[in-house]
Amino acid sequence: MLDQPIARIRNLRVQFCTTGGLAGAVEDLSFDLHAGETLCIVGESGSGKSVTSLALMRLIEFSGAEITDGRILFDRKSGAEVDLARAGSDLMRQIRGNEIGMIFQEPMTALNPVFTIGRQLSEGLRHHMGLSRKEAWARAIEALRDVRLPEPERRMVQFPHQLSGGMRQRVVIAMALACAPRLLIADEPTTALDVTTQAEILALMDRLKRESGTAVMFITHDMAVVAQIADRVVVMEQGRKVEEGTVAEIFEAPQHPYTKTLLAAVPRLGDMRGKPLPERIDVAERSSHPPVPVRGTDAPLLRVQNLTTRFPIRGGFLRRIVSNVHAVEDVSFTLMRGRTLSLVGESGCGKSSVGRSILRLVDPLSGSVDLDGTDVMGLDAHNLREARRHMQMVFQDPFASLDPQMPVKDQVAEPLRNFCTHRGDALWDRVATLFDRVDLPRSFMARFPHELSGGQRQRIAIARALALNPKLIVADEAVSALDVSVQAQVLNLMLELQADLGLSYLFISHDMAVVERMSHDVGVMYLGRIVELGPRDAVFETPAHPYTKALLSAVPIADPRKRATRSPTFAPIPSPIHPVGYRPEPSRYDEVAPGHFVLHHDIPLS
Amino acid sequence: ERGSDGHVNIIYWQAPSMMNPYLSGGSKENEAASLVIEPLGRFDQDGALVPFLAEEIPTLENGGVAEDLTSITWTLKQGLVWSDGSPVTSQDVKFTADYCMHPEGGCAKFAKFDGISSIDILDERSIKITFEQPTPYPYSAFIGAQTPIIQKAQFENCLGERAPECTEANFNPIGTGPFRVTDFRPNDVILMEANPQYRDPEKPAFATLTLKGGGDATAAGRAVMETGEFDYAWNLLLAPEVLGRMAEGGKGQPVAAFGTMIERIELNLTNPDPSLPPETRSTRAEPHPFLSDKSVRQALSMAIDRDLLVEIGFGQAGRPACNLVPAPAIYASDNTDCLVQDIEAARALLEDAGWTDTNGNGIRDKDGVELEILFQSSTNAVRQDFQALIKQWWSEIGVATELRNIDASVFFGGDPSSPDTLQKFYADVQMYVNTFDGTDPQAYLAMYRCGNEPRPETQWQGANINRYCDPRYDELLSELAAASDLKERGSIAKTLNDMLTKDSYVVVPLVDRGRVSAHSNTLGGVLLNPWDSELWNAADWYRIAD
Amino acid sequence: MACLIPASAMIDRSTDPAPIPPSSQWDDLWHQFAAHRGALVGAILFAIIVLTVFMGPYFWTLDPSYIDIRARNAGPTFAHPFGTDQLGRDTFARMMAGGRVSLSVGIAAMVLGLVIGAAVGVTAGYFRRLDGILMRLTDLFLALPLLPLLLVMVMLFREPLSANFGPEAGIFILIVAAIGLTSWMPTARIVRGDVLALKEREFMLAARSIGTSNVQMILRHILPNVLSPIMVSATLGIANAIITESALSFLGLGFPPDFPTWGRLLFDATDYIQQNPERVIWPGVAISLTVLSVNYLGDGLRDALDPRIRGR
Amino acid sequence: MLTFTSRRLAFAIPTLLFISFVIFMLLELAPGDPMSQLPLTVPPDVRDRMREALGLGEPTHIRFGKWLWQFFVVEPLHMIDAAFGTGFAAEQQRVISWQTRSPVMDIVLQRLPQTLWVVGLSYVVGVLIALPIGIYSAYRQYSLFDQLGTFISMVGFSVPTFFTGILLIVIFSVKLGWFPSIYDTTLVVNSWDSFVQQLRQMVMPVSVLALYNAAQISRFMRASMLDNLHQDYVRTARAKGLTERTVVLVHVLRNSMIPVVTVIALGVPQVFGGAIITEQVFKVNGLGQLLITSIQANDLPMVQTLTFIFALLIVVFNVIADVLYGLLDPRIRYD
Ligand SMILES: Nc1ncnc2c1ncn2[C@@H]1O[C@H](COP(=O)(O)OP(=O)(O)OP(=O)(O)O)[C@@H](O)[C@H]1O
Ligand SMILES: Nc1ncnc2c1ncn2[C@@H]1O[C@H](COP(=O)(O)OP(=O)(O)OP(=O)(O)O)[C@@H](O)[C@H]1O
Ligand SMILES: [Mg+2]
Ligand SMILES: [Mg+2]
Ligand code: NI
């Protein structure tokens with residue numbers, strides 16, 4: 001750590017111009033950034049983390065905000081110090097991308113969809129370094145190689161949508177690093193990614209920082225990530241800094257109550273060791289309730305057998321099916337009443353497809369699904385609609401799964417209306433009860449989805465799923481978009497409901513710590529198949545399949561003393577796409593322990 | 001001197017679609033063709049016959065017409081040549097008749113050759129036309145812009161069914177006229193140049209000519225009188241103040257001439273009630289509930305102020321009319337009593353006939369029949385103004401009017417399946433203009449013959465639009481057909497005219513419409529001819545040096 | 001309102017059993033609408049036009065078809081503030097009478113076109129099977145020559161309609177139908193595109209998973225979400241309908257000739273553009289102002305109806 | 001892409017056959033008669049003969065079959081003959097217009113140049129004006145420029161061309177005498193003078209139509225730009241330190257053009273359909289005028305052929321629009 005800070009933020013204040021006048025987003029914020037150091041900024045959603053980073057880049061003006069006070073002193077490459085808060089736009093253009101690089105929150109949308117990767121990468125190089133087209137191209141390939149993107153030459157001429165989320169994020173990082181900036185701002189660079197990819201990217205950033213001495217400002221709400229990479233931590237709440245310190249200080253001796261809540265809400269892998277049943281997370285304020293394990297029953301509710309779902313890829317002149325995506329391949333499991341079965345695995349391994357197939361939201365190719373005696377696969381359209389009373393789904397993205405044009409009360413009431421179970425006042429009473437049930441104030445009923453926070457939206461989705469008193473809820477990544485404190489609340493809510501109503505969950509997630517806390521049983525999926533299935537403690541404590549082991553080892557641990565030193569592998573996952581005639585082998589399992597199954601035959605593993 | 005005056009620009013706001021008048025009945029085609037192909041004789045601006053390709057007009061006096069009125073002999077001028085240099089012979093004249101009389105050719109001028117039994121070539125230059133029966137007025141075929149002589153050599157292979165295949169000949173006929181076509185663009189523009197073989201070596205004065213089509217009358221008038229881009233504009237049917245304003249532009253002037261065009265209201269003597277079955281609606285089986293009453297018809301006519309109509313619609317290009325046949329003088333009746341508007345008298349007439357407003361709704365009625373009139377006409381700014389004015393006058397005498405205007409292509413289309421045609425007459429009264437070719441009104445008056453009315457059995461064909469039927473009228477018509485003495489013909493025609501107008505008021509003439517055209521101040525020699533093509537004397541046109 | 005709710009709000013368990021006040025939504029809508037300056041101006045302007053046109057005749061009692069032949073082609077005078085036409089009819093009275101017809105036709109035809117367009121677009125976008133055939137139908141309608149189509153419609157339906165509704169209402173229905181039937185295609189295309197995109201959104205799947213039937217799906221979720229392109233079509237639709245009506249009247253397919261409409265007044269006046277320029281100006285200005293006000297109104301409504309923009 | 005295009009085109013054939021049949025039946029049903037322009041003095045029996053000669057006596061389906069054969073077999077053969085001097089179509093009758101008794105296709109080809117010059121150019125000009133206006137209006141949303149742009153485009157859209165056209169003629173032809181009021185279709189551009197003359201006669205019709213086109217397209221452009229200006233990738237581009245010019249004119253524009261280009265492509269058939277009123281006002285006598293005069297004269301073969309060509313263009317440009325969409329937006333893949 002060098003003595004001279006690269007950037008000093010002093011009393012920064014950023015305000016949005018709204019119809020109601022100026023509204024503060026960041027108030028009186030001060031901190032320093034040193035070369036070769038990673039500063040993590042943590043805090044819940046909406047606490048002003050992104051605004052701070054945009055203010056540093058002076059990009060905040062384009063969102064209708066203004067830096068109304070404070071200074072951002074930045075030490076330029078040339079050695080001169082400028083106040084970015086007052087710099088002219090020409091000067092800012094020289095600094096942006098050149099001396100300060102930025103990685104944005106959303107890898108999916110941060111790239112321009114109509115330009116090739118190469119074009120977007122070399123653009124900045126040509127602008128700042130005055131390179132020729134050819135030189136810039138070569139440098140861009142170099143940059144891609146630096147972020148360990150496989151086959152960089154081929155990627156250069158591809159478009160963003162042709163890359164997976166992890167690859168895209170690596171491109172964005174390469175872009176930010178291309179001109180060797182002195183300061184790198186990374187705004188939640190891994191939130192949308194699954195654990196294996198996340199681990200790779202964290203390792204990559206760490207290495208770059210060490211090699212080039214860049215200062216990194218890392219924004220996240222994931223405490224486990226913080227523990228893995230931070231040197232120093234700034235905790236923000238509602239636009240203000242509430243605490244600052246080294247990682248060790250923050251994790252071991254948090255001062256501010258907010259920091260304490262935050263840390264308490266973090267599920268840690270291994271917390272549940274020795275406890276076979278799921279339990280509430282003990283968030284500080286609620287410590288009066290002792291955590292009660294959820295027991296469940298042994299009566300089967302959902303029986304899935306040999307479920308196979310393929311998505312056709314059509315082509316040719318007559319739009320014939322030329323190949324299939326084998327999204328779900330011969331999956332069988334049984335879910336007991338009042339219990340939770342979790343499906344884990346990498347992005348794209350078919351978890352959501354299993355959930356959707358069971359609810360017949362996509363039509364499976366073959367297999368049988370038996371829900372409490374009803375053969376779901378055999379239902380006609382009318383009976384299927386009836387059967388939906390008993391099985392509900394909470395979708396991956398709470399924002400996307402709510403109609404933006406409809407007040408939330410109507411969305412919760414919609415299933416009731418569909419089945420005409422309640423009318424008039426009874427209907428609204430029921431909706432109000434549901435709001436109470438998921439812990440939402442009734443005054444929120446007339447709001448629209450965008451007027452709620454992510455956690456609140458997810459509760460609406462849960463309330464909607466509960467409306468008809470279903471027997472089964474498929475929770476597809478129900479909490480992965482939320483920050484830790486909200487996530488803890490939602491998880492606790494789900495457990496509470498399970499205990500009270502005897503619900504069964506098919507819980508889909510890629511977050512191993514959450515899964516550990518929530519489930520009775522776990523199925524590990526890989527390339528459309530379940531590779532390992534068994535009681536949660538068995539799978540987590542004695543993983544038998546090599547993929548399960550790899551998955552568990554990639555999970556970041558929210559403890560600064562247990563930093564992973566593994567170097568990333570960057571091997572691509574084999575493709576689930578096969579030509580039409582392809583006949584996969586049926587899944588055969590070895591029972592390694594009672595109820596603990598492991599896929600028998602070899603499947604290609606990375 | 002030929003070609004010394006350069007270029008002349010003519011605008012026809014309706015564009016000619018071909019140069020062969022036998023395949024298209026439209027006057028725009030006739031007129032365009034008249035620059036190139038010529039008949040044996042034409043009517044001049046006064047309606048008198050003048051020889052063109054013929055040596056002279058055959059008459060009884062000069063022996064050209066046989067004593068028994070069954071044949072006529074024409075002789076071509078000496079030394080006539082086509083624009084390709086070959087001589088014009090009587091073969092060509094006979095061929096022209098054969099061309100049009102071919103049963104499969106669909107000749108538009110077939111009626112002009114009606115009653116001809118044979119055509120014999122007497123020698124290189126003379127030809128004798130024999131009629132099936134004595135024909136007192138034999139000047140029909142080969143007279144005027146409608147039946148010019150075409151070249152046999154060019155059209156030989158275009159007889160009958162093959163007529164439409166001769167595109168080149170139809171667009172660029174070889175003729176004897178002052179000009180010949182260099183470029184023909186159907187419905188757009190025709191470029192012409194002086195005919196090097198034209199019989200008068202001094203003419204035409206213009207070397208080239210453009211006949212542009214398209215746009216509307218306003219634009220055409222503007223182009224001649226205000227911007228001076230064009231030298232001659234045809235048929236400017238415009239409100240007088242608009243025309244007057246254009247003339248102030250100072251680049252040209254409007255010219256008018258009167259022929260036999262009568263804007264009239266025809267009254268339906270049969271019942272057009274929509275509730276009647278289609279077999280009897282608007283047919284003689286169902287008399288009209290109130291228009292069959294002569295006093296109603298007369299009152300409607302009396303309520304109209306024809307002077308005002310002229311002032312508003314035509315200005316100097318119109319004059320009030322009470323006759324169906326306004327010209328030539330020997331056929332024009334002296335009937336003028338409709339010229340004065342008399343609302344009071346019209347009211348009294350209705351009152352006397354028992355038409356009173358019994359229910360106080362402002363509309364006269366009798367026996368439960370209200371005087372409510374559906375008044376239709378084709379779409380045209382002037383006609384719509386007339387409709388509005390007449391509606392107001394009629395309302396003053398207690399007659400309610402509903403107006404309707406119909407697209408001209410439907411109204412005049414004669415499609416038996418359309419309810420909106422002139423012939424179906426599914427209205428009480430309708431207004432349009434009609435005229436007759438040449439100077440003889442016989443065929444025109446014969447339209448009102450009993451039995452000639454459109455009706456379902458005839459696929460709604462027929463020219464007796466208002467379903468007039470009077471045996472005495474039919475008798476007089478046969479007398480007219482037999483009479484050869486001009487005086488006698490004149491007096492019969494006048495009687496017939498009066499029977500339709502002042503005696504019965506089934507036809508209510510409104511305005512004698514002249515033709516209005518405009519020419520630029522630098523174009524000389526224009527003699528507006530209402531009896532023939534407006535371009536009949538284009539050979540004599542010249543540029544006035546300023 | 002739209003600012004993020006602090007975490008504490010989620011924890012504090014508000015037990016207020018406040019019943020949902022359903023009317024507040026309308027208040028909110030109005031509040032939102034009134035905040036849009038353009039929308040307010042547009043609304044006021046439109047209201048003035050509508051009021052003048054519909055209430056004006058009670059104050060200006062001159063009959064629009066009364067011919068005063070001595071006052072032909074007069075410029076604006078005290079007796080005729082907007083001047084007179086070539087037959088001496090009062091232009092002001094005719095403007096109001098014409099406005100009634102033009103506005104009614106414009107709005108009715110626009111609504112009809114919109115309903116057909118939205119229905120076809122939504123059906124095509126929502127039901128894959130019908131997509132091909134409906135879009136080909138749209139192509140067909142785009143390709144049909146307007147004039148013969150209108151002639152056929154007039155021929156077939158004028159008499160039955162006049163018989164059943166009276167001549168004026170009959171023609172009104174006919175014209176509205178004619179314009180509506182020939183102007184829905186662009187709307188259908190745009191709506192279809194939006195529906196196709198909408199169908200891929202997750203909330204559609206979510207709605208299906210809670211047992212929403214297809215009809216409910218369209219009514220509750222699709223239509224409100226394609227409102228914005230529909231609004232734009234509506235604005236352009238009114239202008240288009242007013243102009244098309246004038247073309248129809250001109251061709252003799254529209255209202256009786258003594259029935260003024262703005263389009264017709266404008267058309268008739270073009271011949272007099274040099275003598276009496278004011279005759280062209282009045283209808284021209286009226287049409288433009290109407291379209292402009294409707295456009296701003298549409299903008300404002302769209303913003304007011306879009307919850308994402310509310311409260312900004 | 002190729003298979004997608006050819007598949008779409010292959011499916012277009014039955015569609016087009018159906019459309020041509022519907023058009024035929026519609027024209028058949030429509031009231032009016034090819035003889036409507038004859039003076040009333042022509043007696044009914046002569047009219048009947050003329051109708052017979054046009055083939056109107058034959059039953060409808062035979063006439064439709066004839067038209068199909070002539071349009072799809074004889075006309076293409078004739079074109080081949082004209083191009084290579086062969087004689088395939090020698091004795092076969094082509095589609096003949098009733099009005100002019102000449103092959104319909106010849107007239108259509110004759111009319112194409114002026115339509116393309118005037119209507120086509122005005123479309124190009126309209127697009128060229130509309131794009132910058134739309135872009136700038138969106139970039140400075142609710143600024144004075146934007147308000148003014150909205151105002152002008154709404155007025156441009158709501159004032160009919162028959163009015164603007166005549167206004168221009170009165171001002172520039174009658175009062176000032178700068179431009180001719182009547183378009184000369186026979187003008188051959190072969191010298192500087194004739195080129196200037198051509199320009200002069202095109203100025204007014206082109207500007208009238210361009211205003212109308214620009215009004216619509218600028219609205220689309222503005223909306224599309226607004227959609228894209230607030231996307232995340234714009235922020236990324238700015239974070240690279242690119243100039244505002246590059247950000248807006250390269251990154252945003254390219255994305256915004258995707259929907260607009262298809263809108264523009266879908267408008268092209270209208271160019272070939274001609275602008276009926278404007279052509280009439282300026283006497284341009286292009287395809288629009290041809291269509292309207294043919295309709296008025298009930299020249300069924302001409303109307304049928306013209307509308308069918310129009311339908312063909314609509315279908316083809318629909319495909320082109322889809323293909324363009326795919327080309328411009330790499331995310332769209334058709335197979
Ligand atoms: N364009 C905007 N207009 C108005 N307010 C905004 C805007 N963008 C952000 N805000 C407000 O600024 C505050 C801080 O937002 P910011 O995006 O910095 O949160 P964050 O800490 O990055 O949250 P997250 O973890 O969800 O990304 C929030 O209250 C938010 O509502
Ligand atoms: N509608 C679809 N059409 C075609 N392919 C699909 C479709 N839905 C999913 N797939 C493919 O099926 C595979 C499994 O997808 P699925 O959404 O089930 O993965 P997942 O495990 O839920 O991943 P994530 O964690 O990213 O949500 C992927 O390869 C995906 O691309
Ligand atoms: Mg953020
Ligand atoms: Mg998923
Ligand atoms: Ni707010």
Side-chain angles (χ1 to χ4, degrees), chain B residues 216-219 221-222 226 238-246 248-249 273-275 278 281 305 308-309 311-313 374-393 395-396 401-411 413 415 417-421 426, chain C residues 63-70 72-74 84-89 94 147-148 150-164 166-168 170-171 174 246-260 264-265 267-277 279:
Chain B
D216 49 45
T218 323
R222 198 177 277 137
E226 291 194 88
L238 290 170
E241 55 264 57
V242 174
L243 209 56
R245 165 92 201 189
M246 284 178 180
E248 283 168 27
D273 188 343
S275 58
R281 182 179 178 191
D305 182 350
L308 188 57
L309 290 184
E311 186 192 330
I312 286 192
L374 175 60
F375 181 6
Q376 72 181 14
S377 183
S378 71
T379 304
N380 171 308
V382 173
R383 290 209 175 109
Q384 264 78 79
D385 284 353
F386 277 24
Q387 281 185 300
L389 277 166
I390 293 170
K391 176 178 176 169
Q392 173 142 330
W393 289 322
S395 79
E396 285 173 29
T401 315
E402 181 196 327
L403 303 183
R404 174 180 292 172
N405 59 329
I406 298 161
D407 185 43
S409 72
V410 176
F411 188 62
D415 185 341
S417 63
S418 166
D420 291 328
T421 61
Y426 280 176
Chain C
D63 182 352
S65 58
Y66 176 76
I67 297 174
D68 177 6
I69 212 71
R70 277 149 313 178
R72 303 173 52 193
N73 292 325
T84 58
D85 69 359
Q86 76 278 10
L87 296 181
R89 292 172 291 199
R94 285 171 76 73
L147 217 55
L150 292 169
L151 287 172
V152 170
M153 286 181 64
V154 170
M155 180 181 87
L156 295 179
F157 303 117
R158 173 150 78 192
E159 290 221 338
L161 283 173
S162 311
N164 290 326
E168 271 155 29
I171 289 282
L174 195 69
S246 70
L248 292 192
S249 307
F250 166 65
L251 291 170
L253 299 173
F255 288 98
D258 52 341
F259 218 82
R264 195 193 192 101
L265 286 175
F267 190 88
D268 287 351
T270 46
D271 270 358
Y272 297 84
I273 192 168
Q274 293 184 66
Q275 288 100 311
N276 298 83
R279 278 185 62 189

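Chain A is the first sequence line, chain B the second, and so forth, proteins listed ahead of strands; every chain is numbered from 1.
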Query raised in the report: Between OH of C:Y272 and CD of B:E241, what distance do you get to the nearest 0.5 Å?
Result: 4.5 Å
Report task. Measure B:E248 against the heavy atoms of chain C and call it side chain, backbone, both or neither at under 4.5 Å. Result -> neither
Report summary line: Under 4.5 Å to a heavy atom of chain C? For B:L308 that would be side chain
Query raised in the report: Roughly how far, to the nearest 0.5 Å, is CG of B:D216 from OG1 of C:T270?
Result: 8.5 Å
Requested in this report: Take C:R264 and B:Q384 through the test side chain to side chain contact (heavy atoms under 4.5 Å, CB included) and record every step on the way to the result.
Outcome: CA-CA 12 Å; C:R264 195 193 192 101; B:Q384 264 78 79; 4.2 Å; yes
Query raised in the report: Does any heavy atom of chain B fall under 4.5 Å from the side chain of C:F259, the backbone, both, or neither of them?
Result: neither
Query raised in the report: Partners of B:D273 by side chain to side chain donor-acceptor pair (under 3.5 Å), sequence neighbours excluded?
Result: B:S275
Query - Structural part of B:Y426 lying under 4.5 Å from a heavy atom of chain C - result: side chain
**Report entry** Residues forming a side chain to side chain donor-acceptor pair (under 3.5 Å) with C:T84, sequence neighbours excluded
**Finding:** none
Report summary line: If one checks every heavy atom of B:R222 against chain C at 4.5 Å, the contacting part turns out to be side chain
Query raised in the report: Can you tell me how far CG of B:L238 sits from CG of C:D271, rounded to the nearest 0.5 angstrom?
Result: 6.5 Å
Query raised in the report: Of the backbone (N, CA, C, O) and the side chain (C-beta and beyond), which part of B:A381 lies under 4.5 Å from a heavy atom of chain C, both, or neither?
Result: neither
Report task. Only one of C:D268, C:L87, C:D85 passes side-chain contact (heavy atoms from CB on, under 4.5 Å) with B:D385; say which it is. Result -> C:L87
